[in-house]
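Any value given below was found using the heavy atoms of this structure, including those in side chains, with hydrogens, waters and symmetry copies removed. Chain A is the first sequence line, chain B the second, and so forth, proteins listed ahead of strands; every chain is numbered from 1.
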Amino acid sequence: MSIVKQIQSAVINALSTSYHIPFTEKDFQINQTKPEFEGDYTIVLFSLVKSLKKSPEEIGNELGKTLINNNPQLFTSYNIIKGFLNLVVDDQYWIALLQKNHNDICFGKQAMNGKKVMVEYSSPNTNKPLHLGHLRNNFLGWSVAEILKANGYQVLKSCIVNDRGIHICKSMIAWQLFANGATPESTNQKGDHFVGDYYVRFNDEYKKQIAQLKDGGMKEADAEKNAPIMLQTQQMLQDWEAGKPEVMELWKTMNSWVYDGFDITYNRIGSNFDRTYFESNTYLLGKDIVQEGLDKKVFYKKEDGSVWIDLTADGLDEKLVLRKDGTSVYMTQDIGLAKQKYDEYKIDQSIYVIGDEQNYHMKVLKLIAQKLELPYADDIYHLSYGMVELPTGKMKSREGTVVDADDLVDEMINTARHHTEALGKVKDFTSEELVSLYDVIGLGAMKFYLLRVDPKKKMIFNPEESIDFHGFTGPFIQYTFARIKSILRKEKSVSTGAYSGNLLPLEKQVVFVAEQFPNIITDAAKELNPSVIANYLFLLAKTFNSFYSEHSISNAETSHKKDLRLQIAVMTSNILQSGMKLLGISVPERM
RNA sequence: GGUUCGGUAGCUCAGCUGGAUAGAGCAUCAGCCUUCUAAGCUGAGGGUCAUUGGUUCGAAUCCAAUCCGAAUCACCA
């Protein structure tokens, strides 16, 4: 049980026995004591004034005395300043906690709870390579999955690949028109970039044709509809849906190029999935549910045969769920896919890691599912995250203003190499060891950078300023870990005995922060927010570094002190390692 | 126009289930490597928490209004 919980129940106990009124943990607040006062945790007394009809000082004194009498093993003293009761926790409590947990690499993790969660993330299109926005999505999805696992959930990571539709046909048409049979192999290009170039090529040509038609006197809207390349693309989409062999052949070939490229990128960033859905397999799903909705009168049919749902009573709009030609729309597919996920895995919760531009869509999806009374409706959860923007505004792949994922990874790994070489600490590394070290540091910096901010908020990325390696960063935490490992390599073993003296302030501070890790893991899961972990790890590393620079571990004043400090170091390194793993980041033994 | 989200130091962000003098990192300035890894540590300067009003013992945090910014409201996905 965490120290805060223990204090909570001690206070509830003390209050109820002293005043014979039932109290709960909501009746008072426990904060960490501010550093300028003596104490570890503080009870805020103001909220008790009304119900007890006593002054804060009076309550504080009575409560402080009772707490110490009833829990001599927990508290050593208290002081009251204004309406705040500051409690000093016994050093022996921290020492016992340290002794018990320092070697536990699973510290903070929950036992399996029997619940199954699916986390869907990444969702790439097969007409262009991954960009910075996908990276935020991937890292978030991965980290949330890890955090849920640590909280005892069984987690399935899934990916829906957007592999069909008009946008896919655009790159196919452009390839037919302009490639002269070129392939990724013949041009020595990564497959996803190769195809992406034809997607851009399509848009260039399309713009040109529109301009020509407008010069010929056509209105803009008509020009957009009648540009020959657009007509060709629409024809291709129809041929695809009809299963025309040569179109299917081209589609399969080009998609396979893209998948080859994606595999490389996913592999580099350390991402994978337990289940991949392809939209080409799911886009027809959901039609039976539309019929069900019509029967239940949740949906209605317009004269032209299209099917709608009226959500105006819920403050939303009318929404199309089936086109007049009977083909399904995005929404229909998503309802169908939600059902398939549920049928396949009997999941208790389905988390969708999707950008906040789709907040409306996801809200409607859930609402429709609820109105249809589908069993999984309430378990749909949209983990909405903000867009990554450039200082100049939104990234647009059509205009080529995207930060490419592969380029960024290359750059980060390069920067890691430059920093490492400049410091010259790993001259004895083999070239393979160096390559993996640069990977770990470069990716660590990038992942930490994208995960350390609240996912809900949009973030600004300035490509001109490279991602930092100092301060609140991944490498800072990796460095702290490597430093500890360096000490531990020189020690034969760490005594597991309990220290019997008192703790110095910096020694206590590290254990104090370490103790919070289990709570942090549950908080991060509650909010589905990896930044909670990132902020905490930074605090722990910083606290340890202050301790480290002030007190020698190997040359401690006494051998008992040395054992104590080694335990502190071991516990810190274990938390840093498992915490970073929750962010999808590795930590190096040396750097 | 409707809905939703956001506005905290020069920059990037914490803090938001109300609590003590609003915190980090970067950048700037000043110190610390013959002693466990200086990707580190210590310190300084830097704030009308968008604005106004309200709720109360107490508001960056809750409520209302206003200003500014973004997303969204497709027979696109």
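Comparing A:Asn555 and A:Val329 along RNA chain B, the residue whose closest nucleotide (by nearest heavy atom) sits nearer the 5' end is A:Asn555.
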Write down the protein N/O and nucleotide N/O pairs, taken from nucleotides 60-63 of chain B, whose separation is under 3.5 Å; answer none if there are no such pairs.
none

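The aromatic ring of A:Phe46 does not stack onto the base of B:G58, failing the criterion of a centre distance under 5.5 Å from the six-membered base ring together with planes under 30° apart.
Of the side-chain N and O atoms in A:Lys490, one or more sit less than 4.0 angstrom from OP1 or OP2 of B:U37. Residue A:His361 places none of its side-chain N or O atoms closer than 4.0 Å to OP1 or OP2 of B:U72.
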Checklist line | Letter per nucleotide, 5' to 3', of nucleotides 7-16 of chain B [B base touched, S only sugar-phosphate touched, - untouched; heavy atoms, 4.0 Å] | finding: S----SSS-B
Check: How is the base pairing of RNA chain B summarised as a dot-bracket string, given the Watson-Crick and G-U wobble criteria with both distances under 3.5 Å, [ ] for crossing and | for another strand?
Finding: ((((((((.[[[[.)...(...]]]].(((((.......))))).....[[[[[..)....]]]]])))))))....
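Sorted by first and then second residue, the salt bridge (Lys or Arg N to Asp or Glu O under 4.0 Å) pairs involving residues 558-572 of chain A (not counting sequence neighbours) are A:Glu491-A:Lys562, A:Glu507-A:Lys561, A:Glu507-A:Arg565, A:Glu557-A:Arg565. Residue pairs meeting the salt bridge (Lys or Arg N to Asp or Glu O under 4.0 Å) criterion with at least one partner in residues 444-456 of chain A, sequence neighbours excluded, are A:Asp454-A:Lys456. Sorted by first and then second residue, the salt bridge (Lys or Arg N to Asp or Glu O under 4.0 Å) pairs with a member in residues 37-56 of chain A read A:Asp40-A:Lys508, A:Lys54-A:Glu62; sequence neighbours excluded.
For A:Asn86 against B:A20, a side-chain-to-base donor-acceptor contact under 3.5 Å is present.
The aromatic ring centres of A:Trp240 and A:Tyr283 sit less than 6.0 Å apart.
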